[in-house]
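Below, each value reflects all heavy atoms present in this structure, side chains not excepted, and no hydrogens, waters or symmetry copies.
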Amino acid sequence: MGVPRCARALREREHRNAFASPVAKHLLPFFAYEDREQTRPRRLDAITGRLVTEFTVAKRAEREILHELPAVLAELEPDVLASPDVLARLDP
């Protein structure tokens, strides 16, 4: 996508949301804070190649889990699937 097309897309709300959503949902929580609870902001100069690698490894692990999820859910009994409490206690 060329720069003019990208700039035009960012002016349109639905396109802007498509660009902003991955940043807000994935990148920002990982890079903006030093802790899981998101209480300690991270300095911009603390974002290093190692941190980017950690992010990449974490996202690949998440994708693997999501890829396997349909098969795992297919093996569960209907009564287990219907109970959020039972699902929460399952070993990941």
Please work out which of the three classes, parallel, tilted or perpendicular, describes the rings of Phe55 and Phe30, given edges at 30° and 60°. perpendicular
Point-to-point distance, once rounded to the nearest 0.5 Å, from CG of Leu27 to CD1 of Ile47: 9.5 Å
Point-to-point distance, once rounded to the nearest 0.5 Å, from CG of Leu51 to OG1 of Thr56: 9.5 Å
Please report the shortest heavy-atom distance between Val80 and Val86, naming the atom on each side. CG1-CG1, 3.8 Å
Over all atoms of both residues, closest heavy-atom pair of Gln38 and Pro29: NE2-CB, 3.1 Å
Side chains of residues 58-70: which donor-acceptor pairs under 3.5 Å do they make with residues two or more places apart or in other chains?
unit_1, atom_1, unit_2, atom_2, d
Lys59, NZ, His26, ND1, 3.1
Lys59, NZ, Glu62, OE1, 3.0

Honestly curious: do Leu90 and Leu73 fall in one hydrophobic cluster under the side-chain, below-4.5 Å linking rule? yes
